[in-house]
Each structure stands twice: as structure tokens, then as C-alpha cells.
2 protein chains.
Amino acid sequence: MRVVLVAGTTRTAEIPGISAAGADPSLVGHTPSADAEIIEYGQTVRSPVTPVSPTGCPTPAAITRAVRELTGFDVLVVDAGLSESTAAPTMDVGARPGRDIREAEPVPTAPGAFEAARQVGAALPDDELVIGETVPGGTTTALAVFRALGEAFPVSSSLPENPTGLKEDVVAEALDASGLSPGDAAHKPELATRYLGDPVLPVVAGLTVGALEADIDVTLGGGTQLLAAAALVRHAGAVGDLTLATTAYLADDVPELESAADELDVDLVVTDPGFETHPLDQYAAGEAKEGAGMGGALYLADHMGVLDDVEAATLDVLSRLDPQAVDGVEDGH
Amino acid sequence: MRVVLVAGTTRTAEIPGISAAGADPSLVGHTPSADAEIIEYGQTVRSPVTPVSPTGCPTPAAITRAVRELTGFDVLVVDAGLSESTAAPTMDVGARPGRDIREAEPVPTAPGAFEAARQVGAALPDDELVIGETVPGGTTTALAVFRALGEAFPVSSSLPENPTGLKEDVVAEALDASGLSPGDAAHKPELATRYLGDPVLPVVAGLTVGALEADIDVTLGGGTQLLAAAALVRHAGAVGDLTLATTAYLADDVPELESAADELDVDLVVTDPGFETHPLDQYAAGEAKEGAGMGGALYLADHMGVLDDVEAATLDVLSRLDPQAVDGVEDGH
């Protein structure tokens, strides 16, 4: 059992209003590098920031780390276009930071990274992989990829109010800039990710295709971005069992998730960690919802019988990350 | 507890007769990349070769991996100048492959990598680090560093017959090319590694200095290359407890090790895994001896009460790496 965190960036995240991954828009590029450190070490090491949303909701990486401390799973971080240094050890697949999808070719490294990831996915020694992502702005690029593939699925948001109108506008501009119409990249996953995606999606898809070729079970741990990866896998012609493991917060936000998963022949597993304590209660209020492998980690926690311990373990991680973040708990507020 | 493998290359290894790290000299650059994969995954993933000596002695990385399977320690691989791709996730400290020390400035990245490693060493969350190395040709660069620092210590060899005359000739040429005399780099560790070292030594020394600053216990797991790292740490002015954990095979080869360790105020721990079965009996015959954190891993195995299990666990690792390597066992030879 290995949890793979595919971590990267797209400048699409810099479009005002797109992403909640970072208290300050200028720090959003640090989020995936910091998430990787939190999952690897339980704290930041090189990263100058601990990711929180603008309202202070902690990064889902803290939950994934907590589950790691409870279960001891192995971690592999893949550099799928990080723009900031991380102290987490990373695997190189030749990916580079993605440009804004409103440019003509935002991810020139997509085909090479897909193939490098596919080879690794087929060569890993594991029986089972859980694959998650961290890429601010990733739901917008996922939406663009759905449209390029000709799929009508919706995407979620890390913000309580999903800026769907803004995302649709960005995607329309992105299609225009690439000279593509909806559906033009059907059955051409490398085209979809190169011209409309972020650098994370081709790596998740490549790892998954390779793992399925090698009869390794794959659980995609995440929300609509991982659904986009599943769509890419199916459009690449890969058959084989696929599971999408997500959080109850994400599933509540996207009622169409079950039918979309059905359509892609993907088993959907929804796990509710039942967070009630501040600051984790913000998840129930619609913040963050998913990311950094959280849904996959909760799925593992449930399978290993420690789901009820996740909230306390996460508060413990948060107390080490940033003592102020759990002050409300200590004060009894 | 975290085991850090500092992995890199120096073209000094290409000098005929210097290194046993690779059955074929043209493949020697793959050895550290493959060692990292073996410790991380228990098998090669991207590397085209499984490192063995010219006579078929398996890489010490297999022993380190076996101890990892027995004890479950965390691993951090640092890219200290790898020349070939590895599927093991690695931390970047800005190191690049080292040139032949007979060139004027073989490791221009030494000062920057030392500082980056120092910062990481001070920021890791661990109470204890065990630091090992994998760099073919590293005993020759270690010898050059000793001379540059003005230390008279000897070095070991991965070959049964240590080519000491050849190494002394190379070191004399290296000093000449850098315009340095023995002792010119005393108390200047960055000078010694930049002009006479390999890219691994400044990273090991930097990690150690940083960890000592942060009151993290450091065990250097290896032989005379790690003794050279200890010398660099002391020449950097760092005090604090340091342990050198090595194998009985290495200690038998270097009778001066104890007095050298004393002189550097380093505690020496020697562990004998008692290998008797082919192909591991080649260690007792003077092959390989140490490397890839082996001495540190054996020290951990002893502390955790599993030293007697290491031989069987290593044979199990080898059977997965290369079934032919343990044919002798299966045949009863």
C-alpha cells in the first residue's frame, strides 16, 4: 500500500477568485510544496507557509498526515510541476509548472510526463496504490479537461461558494486560445492535458494507466479533479477496476458525482470523518472539502478501523503545525 | 528515527581500478540511483541495473533494505549529484554530479549544497538521524579531503585489494590541479569539498552540522567516507556527540579506524552481521564491506533486537532483486 501525492502548480490559480488554497494569493504557489512536507514530515521544513484557506480552514494535507500517523502507509510524492522548493523528497517525471490555461499551450510537458508516469506506475512493487493530488486551481483545469474530452461533468470548489460562472468563462477562453471546441480531445488525453489541463492531471492519469497495465489496484483519492483523471484514463482506452474515494463534504457538494462515476465505470466510495471540532468544523461548513489525498486517506482509515481516531489525530498534527490554529480548542471556544 | 541516504556521483569513479561499485565500469553511474531505489522500494524501478561488484557481490543497499523491512525506519534520499535518473523520491539541495578530482574545481556546488543541507538538517522533525552515503569512487575523494584538511587518516576500499598506491597518485594529482598543499583546507570544509571532494561529502557534513545545531542525534552509518564527513564537521567547528556506525568488515580492513574516530571525538560502533551464506559470504571475504548506510542499518538492527534476522531478510531481498544472485542458496551450494 502506497499513497502517491501528485503535486504541482498551474498559473490558472492566480486568476482572482479561482482558488482557496492559500490565505494570500501571492503564497498559493507554496501550497503544494508545503502539503508535501506536511504529509512527509508532519510539519513544514522548507516551506515558509502552512497552507490555510482565506478564512483559516486548515489544508486537507493535515488529515492525510494524521491518517499516515495512524496507519503507517508509505508515501511517494511526484513532482508534477512544483514552482517552489520542497523538502519532501520527490520523484521527477519531467513535469514543469503549468501556465494559465488561457494561454495556447499551458502544459507542453504533459505527453512526456504522462509516459514517464505510466512507466513508473507499471514498475512499482505495490499491490495497491492510492493516488491523490495537490494543485491549486485544479478544479478549473479539470473542468477544461472535461469539456475538451466532451464530458459534461461538473467540478467542485475549495471555496464555500463555487465560482462556477468564472470557471466557465475561463474554460471558454482556454478552449478559444487553444483553437479547440468541446469534445475535440475525446480519446486524446494527452491533447486535453497539454492544451487545457494542469501538469498534475497527465501524471495522475499516466500512473493510473501504468498501474492498471501491471494489475495494481488503483484508488483515486480525491474529488472532481480525480474524476477528471479517471476520465483521462478511460479516454486513453484503459479498462480495469478503478475506485474514486472522496470525502462526504465533496460528495455533498457535487450531487452528480455518483452518476458521473457510473458513466466512467468507476466505483465511488464516500467517507465521512464526522469533523465537529474547530477548526475542522469548517469542512462541514463547506470549506476545502477535499485535496492532498484526503478522501483516499479517509478510505484507508475506514478500512483499517481507525476512522474514529482521525479527528483527534488531525488536531494533534495541527497543534504541531501551527499552535494558533487550534487555540479555539484549547480555549474551549 | 530517519535514515538519510546521501546519493551522488563523481567522475573520479571512472578512473580504472578505483571502484568496485558496478560489474561493468560503464554502468557505475547507475549504482547510487539503483541503490536508492532498492532501499526505497526493495527493487529497481527505473534503474537498468542491479548493482553488484565485478565478482558478483551484491550491493550493501540490499542489507539496508532488509533492515528497513525488519524495522520500518523512514527513509530520506538526498540527491547529492546523481547522474542517472532514479525512481526513488529525492530531496534537492542544488548538488550536481562531481567531476574528476584531478580537475581544478570538481564540485562547484559544494558550498551551496552544504548550506542547503545544513538548513534541512536543522529543520527536520526527528530526534535521531542515521546518515549514509552511496557514491562510487568515494573513498578516493575521502582520501583527498583528509589530505586537504591535513588529516593523516587512511581510507578503505570496496575491492578486496585496496588500490592505495593508485589512490595516493590520484590525490597528489588532485592537490596539484587545485593548487593546494596538504593541510591548506584545514578548518575550511567547504574549500576541501569544493576543490578535492565529491558532491556527497558536503551534503553529509551540512546535514550533520545542521542536525547538531538543532540537538538532533546523528549517527554516521558507513566507513571511511563517513569518517571524512565527521572530519569536515569538526573542521567546520561543530561540537556535539557524533557516532560512526560501521560494519565489522570495514573495521577489520582499517585498523586505524578507532584511533581516528577518537581523534575526531567520534564514538565508534562496529556491528558484525555474521554473514555466512552465499553470496553474502563475499562480505567476509573482503568485498564491498560497507556503503549505502549498511553500517548504520546494522546498528539499528542490533538496537532493535533483529540483528540475527538480517541475513535471511537480505537473502529474501536479493531473491526479489535478482533470483540468479541466490541460486547458490537454492541449489544448496
Side-chain angles (χ1 to χ4, degrees), chain A residues 1-7 33-34 36-48 65 68-69 71-80 82 84-94 112 115-127 129 207 210-211 214 216 317 320-321, chain B residues 1-7 33-34 36-48 65 68-69 71-80 82 84-94 112 115-127 129 207 210-211 214 216 317 320-321:
Chain A
M1 167 57 61
R2 191 179 307 270
V3 173
V4 184
L5 181 73
V6 183
S33 297
E37 291 183 354
I38 290 166
I39 295 173
E40 182 72 35
Y41 300 111
Q43 64 179 52
T44 54
V45 172
R46 268 185 189 155
S47 177
R65 171 66 194 190
R68 188 179 180 209
E69 293 183 3
T71 65
F73 59 71
D74 284 331
V75 170
L76 167 62
V77 182
V78 181
D79 181 347
L82 291 168
E84 303 291 340
S85 175
T86 182
T90 59
M91 180 195 280
D92 180 31
V93 288
E115 181 54 24
R118 192 190 65 76
Q119 290 182 20
V120 167
L124 287 172
D126 308 285
D127 297 324
L129 296 178
L207 284 168
I216 297 170
V317 169
R320 280 175 277 145
L321 277 178
Chain B
M1 166 59 61
R2 192 179 306 272
V3 173
V4 184
L5 180 73
V6 183
S33 297
E37 292 183 354
I38 289 166
I39 294 172
E40 181 73 35
Y41 301 111
Q43 65 179 49
T44 54
V45 172
R46 268 186 189 154
S47 177
R65 171 67 194 189
R68 188 179 181 209
E69 294 183 3
T71 65
F73 59 70
D74 285 330
V75 169
L76 168 61
V77 181
V78 181
D79 181 347
L82 292 168
E84 302 291 339
S85 176
T86 182
T90 59
M91 179 195 281
D92 181 30
V93 288
E115 181 54 25
R118 191 190 66 76
Q119 290 182 19
V120 166
L124 287 173
D126 308 285
D127 296 324
L129 296 178
L207 284 169
I216 298 170
V317 169
R320 281 174 276 145
L321 278 177

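Residue numbers start from 1 in every chain, and the chains themselves are labelled A, B, ... in the order their sequence lines are given, proteins ahead of strands. These numbers come from the heavy atoms of this one structure, side chains and all, not from hydrogens, waters or symmetry mates.
Proximity to chain B is limited to the side chain of A/D74, based on heavy atoms less than 4.5 angstrom apart. Both the backbone and the side chain of B/V93 come within contact range of chain A, each with at least one heavy atom under 4.5 Å from a heavy atom of that chain.
The existence of a salt bridge linking A/E37 and A/R65 is excluded, since no basic side-chain nitrogen approaches an acidic carboxylate oxygen closer than 4.0 Å.
The two residues A/I216 and A/L124 have their closest heavy-atom pair at CD1-O, 3.7 Å.
Taken from CD1 in B/I38 to CG in B/L5, the straight-line distance is 11.0 Å, to the nearest 0.5 Å.
Between chain A and the residues B/V77, B/D92, B/T90, B/D79, the largest count of heavy-atom pairs under 4.5 Å involves B/T90. Interface check for chain A: of the options B/G72, B/G42, B/A88, B/A87, the most heavy-atom pairs under 4.5 Å are formed by B/A87.
Applying the side-chain hydrogen bond (donor to acceptor under 3.5 Å, both in side chains) rule to B/Q119 yields the partners B/E115; only residues at least two apart in sequence or on another chain are considered.
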